[in-house]
Amino acid sequence: MRKYMKDHKIIVVAVIFLLLLIGLAFVVKGTFFANSGNIFYGDRLKGIKEVMITSSQQKGIISTLKDDSAVKSAKYSLQGKIVNIIITVNDDVGIDTAKSLSPKILDNLDDDQKKFYDIQVFIKKNNEASDFPIIGYKQNKKDNFVWTKDRAAS
C-alpha cells in the first residue's frame with residue numbers, strides 16, 4: 001500500500017483534495033441555501049395552519065357576494081398568504097357600489113385571519129367600461145382596503 005501511494009503520490013493528493021473540495025461545497029451550500037427544499041415561499045407561510053380559511057368560509061364569502069344584487073359572479077382563490085377575490089358586477093353598477101362589496105369579504109373572516117392574510121379584490125364588468133376594472137388591496141396589518149385611482153372617462 002505504501003509503495004502504491006509513493007508511486008502515485010500526485011493522484012493520491014489530487015483525490016484527497018477533491019474530497020475536501022466536495023465536502024466544502026456541501027458546507028457552503030448548507031450555509032447559504034438552508035431552505036432550498038422550500039424555495040418558493042421560504043418561511044413566509046409559517047403559522048398558516050393555525051389560521052387556515054376553511055372551505056365553509058370560502059363558500060360563505062362567495063355566497064355573501066352573490067347574494068348582493070350588484071354581483072353577477074364571484075370567484076375565490078388563495079395563493080400563499082394572498083386571498084384573491086374576482087367579482088364581476090352588473091353593467092349598471094358604479095364604482096362606489098362596487099367598492100362597498102369589500103367589507104362583505106371581511107365579515108366572513110375572523111380577526112386572526114384578517115391579521116395574517118392580504119386580501120386582493122378585482123372588480124370588473126363584462127362590458128368595456130372605462131372606469132373598470134378596479135382593484136382593492138388590504139394588507140394584513142391594515143384595517144381598510146386601498147383602491148386603484150379612479151379613471152376619468154375618455
Side chain to side chain contact (heavy atoms under 4.5 Å, CB included) involving N140 - partner list, sequence neighbours excluded: K81, D118

T97 side chain vs V93 backbone, donor-acceptor pair below 3.5 Å: no

Any link between L106 and V146 through a network of hydrophobic side chains (Ile, Leu, Val, Met, Phe, Trp, Tyr) touching at under 4.5 Å? no

Sequence-distant partners of S73, side chain to side chain donor-acceptor pair (under 3.5 Å), two or more places apart: T88

Quick check on I10: does its CD1 atom have over 12 non-hydrogen neighbours (other residues, nucleotides or ligands) under 6.0 Å away? no

I'd like a table of donor-acceptor pairs (distance under 3.5 Å, sequence neighbours excluded) in which one partner is a side-chain atom from residues 47-59, with atom names and distances.
| unit_1 | atom_1 | unit_2 | atom_2 | d |
| --- | --- | --- | --- | --- |
| T54 | OG1 | S56 | OG | 3.1 |
| T54 | OG1 | Q57 | N | 3.2 |
| T54 | OG1 | Q57 | OE1 | 3.4 |
| Q57 | OE1 | T54 | N | 3.0 |
| Q57 | OE1 | Q113 | NE2 | 2.9 |
| Q57 | NE2 | N108 | O | 3.3 |
| Q57 | NE2 | Q113 | OE1 | 2.9 |
| Q58 | NE2 | I53 | O | 3.4 |

State, with a plain yes or no, whether a side-chain heavy atom of I61 is found less than 4.5 Å away from one of I85. yes

Among the clusters formed by ILVMFWY side chains lying less than 4.5 Å apart, do I82 and L65 turn up in the same one? no

Does NZ belonging to K114 count more than 12 external heavy atoms closer than 6.0 Å? yes

Donor-acceptor pair, side chain of K138 and main chain of K142, under 3.5 angstrom: yes

Specify the closest pair of heavy atoms between K124 and P133, including all atoms of both residues, with the distance to one decimal. CB-CB, 4.1 Å

State the CD1-CD1 distance between I87 and I123, to the nearest 0.5 angstrom. 4.5 Å

Side chain to side chain contact (heavy atoms under 4.5 Å, CB included) involving V15 - partner list, sequence neighbours excluded: I11, L19

Does the pair I135 and V121 meet the rule for a side chain to side chain contact (heavy atoms under 4.5 Å, CB included), with working shown? CA-CA 6 Å; I135 301 170; V121 181; over 6 Å; no

Just how far is it from atom CD1 of I86 to atom CD of Q120, taken to the nearest 0.5 Å? 9.0 Å

Restricting to non-hydrogen atoms, name the atom on I134 and the atom on A98 that form the minimum distance, rounded to 0.1 Å. CD1-CB, 4.1 Å

Sequence neighbours left out, what passes side chain to side chain contact (heavy atoms under 4.5 Å, CB included) with S102? Give chain and number order. F145, W147

Just how far is it from atom NZ of K125 to atom NZ of K72, taken to the nearest 0.5 Å? 10.0 Å

Interatomic distance, CG@D91 vs CD@E128, rounded to 0.5 Å, equals 10.5 Å

Whether N90 side chain and D92 backbone form a donor-acceptor pair below 3.5 Å: no

From K115 NZ over to L109 CG, what is the distance, rounded to the nearest 0.5 angstrom? 13.0 Å

Can you sort out the partners of D68 under side chain to side chain contact (heavy atoms under 4.5 Å, CB included), two or more places apart, ordered by chain and number? A70, V71, L101, K104

Gap separating the CG atom of N144 from the OH atom of Y137, nearest 0.5 angstrom: 15.0 Å

